[in-house]
Amino acid sequence: FYSKNFIMNEDIEPILVGDIDDIEMGTVENFEYEDNNYAIYKLESGFFCTQGNCNCDEKALLSEAEIEDEELECASCGTTYSIVSGDCISNPELNGLKIYDISEEESSIFLNL
């Protein structure tokens with residue numbers, strides 16, 4: 001489904017993240033591209049990608065977060081987020097995480113920016 005605000009971006013650039021088998025099930029890996037950190041998750045429901053740092057003052061790397069099902073808990077501040085939606089679960093007043101499109105092609109993972 002597409003929201004009415006969805007705009008098809010013809011300029012999407014797929015960036016090779018790595019091999020599907022490089023990330024263990026139920027874990028998160030940090031991925032750096034053009035001075036930005038991204039968090040790549042491999043869950044039972046598929047691959048997901050969010051911004052690489054928590055919104056907390058420490059800007060903790062989310063690759064150090066605790067993962068449980070489709071949620072993560074920042075190792076620094078303890079804030080809990082949905083990996084799938086980016087929403088802040090522990091405090092809905094806080095900003096959620098930015099979500100990025102990720103895709104699988106053959107045995108590789110691509111970040112679509």
Side-chain angles (χ1 to χ4, degrees):
F1 102 21
Y2 297 105
S3 74
K4 59 186 171 191
N5 296 332
F6 180 82
I7 298 169
M8 185 58 116
N9 184 351
E10 300 294 327
D11 299 326
I12 290 177
E13 177 186 351
I15 294 119
L16 178 65
V17 173
D19 192 76
I20 287 173
D21 296 330
D22 289 346
I23 303 177
E24 290 182 41
M25 184 63 67
T27 64
V28 55
E29 296 290 331
N30 189 60
F31 178 71
E32 288 184 42
Y33 181 75
E34 293 187 346
D35 296 328
N36 290 312
N37 285 315
Y38 300 90
I40 311 290
Y41 308 85
K42 185 176 185 180
L43 307 178
E44 292 289 340
S45 52
F47 285 94
F48 297 90
C49 180
T50 67
Q51 67 194 52
N53 299 83
C54 184
N55 293 326
C56 64
D57 292 337
E58 293 82 13
K59 301 289 181 211
L61 283 175
L62 294 177
S63 58
E64 315 221 336
E66 291 290 320
I67 306 293
E68 188 171 325
D69 297 321
E70 293 184 339
E71 296 178 5
L72 69 87
E73 181 180 320
C74 174
S76 181
C77 70
T79 301
T80 308
Y81 296 95
S82 165
I83 294 169
V84 177
S85 69
D87 293 339
C88 184
I89 296 167
S90 58
N91 184 349
E93 302 289 315
L94 295 177
N95 288 335
L97 301 175
K98 291 180 187 149
I99 300 290
Y100 298 92
D101 184 48
I102 196 159
S103 58
E104 298 171 54
E105 192 171 317
E106 296 175 13
S107 64
S108 298
I109 311 162
F110 293 90
L111 176 59
N112 302 305
L113 297 177

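Only heavy atoms go into these numbers, but all of them, side chains included; no hydrogens, no water, no symmetry mates. Positions are given from 1 along the sequence.
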Problem - ring pair (Phe, Tyr, Trp, His ring centres under 6.0 Å): pairs with one or both residues in residues 51-84, sequence neighbours excluded - result: none
Practice task
Considering non-hydrogen atoms only, spot the tightest contact between Gly96 and Gln51 and give its length.
Solution key: O-OE1, 4.3 Å
Problem - Results of side-chain contact (heavy atoms from CB on, under 4.5 Å) for Asn95 - residues two or more places apart only - result: Asn55
Fill in the blank from the handout: For Met25, the hydrophobic cluster (side chain heavy atoms closer than 4.5 Å, chained through members) also holds none
Exercise for the section: Over all heavy atoms of both residues, which pair between Ile89 and Ser82 is shortest? Give the atoms and the distance, please. Expected result: CD1-N, 3.5 Å
Problem - Linked, directly or transitively: Val84 and Leu97 (ILVMFWY side chains, under 4.5 Å) - result: yes
Problem - Linked, directly or transitively: Ile20 and Ile102 (ILVMFWY side chains, under 4.5 Å) - result: yes
Which atom pairs, one a donor and one an acceptor, fall under 3.5 Å between side chains of residues 57-79 and the rest of the protein, sequence neighbours left out?
residue: Glu58; atom: OE1; partner: Ser76; partner atom: OG; Å: 3.4
residue: Glu70; atom: OE2; partner: Ser45; partner atom: OG; Å: 2.5

Problem - Residue pairs passing the ring pair (Phe, Tyr, Trp, His ring centres under 6.0 Å) test where at least one lies in residues 54-80, sequence neighbours excluded - result: none
Can you give the donor-acceptor pairs under 3.5 Å from side chains of residues 105-113 to other protein atoms, not counting sequence neighbours?
residue: Ser107; atom: OG; partner: Asp19; partner atom: OD1; Å: 3.3
residue: Asn112; atom: ND2; partner: Asp101; partner atom: OD2; Å: 2.8
residue: Asn112; atom: ND2; partner: Ser103; partner atom: OG; Å: 3.1

Handout entry: Set of residues satisfying side-chain contact (heavy atoms from CB on, under 4.5 Å) with respect to Glu13, sequence neighbours excluded
Key = Ile15, Tyr33
Practice task
Report the residues that fulfil side chain to side chain donor-acceptor pair (under 3.5 Å) with Tyr41, sequence neighbours left out, ordered by chain and then residue number.
Solution key: Thr50
Problem - Any donor-acceptor pair under 3.5 Å from Lys42 side chain to Asp21 backbone - result: no
Exercise for the section: Using ring pair (Phe, Tyr, Trp, His ring centres under 6.0 Å) as the criterion, list what pairs up with Tyr38, not counting sequence neighbours. Expected result: Tyr100
Problem - Where at least one partner belongs to residues 43-73, residue pairs that pass ring pair (Phe, Tyr, Trp, His ring centres under 6.0 Å), sequence neighbours excluded - result: none
Handout entry: Reported CG-to-CD1 distance for the pair Asp87 and Ile99, which is rounded to 0.5 angstrom
Key = 8.0 Å
Practice task
Name all residues meeting the side chain to side chain donor-acceptor pair (under 3.5 Å) criterion together with Asp22; count only those two or more places apart in sequence or in a different chain, and write none if there are none.
Solution key: none
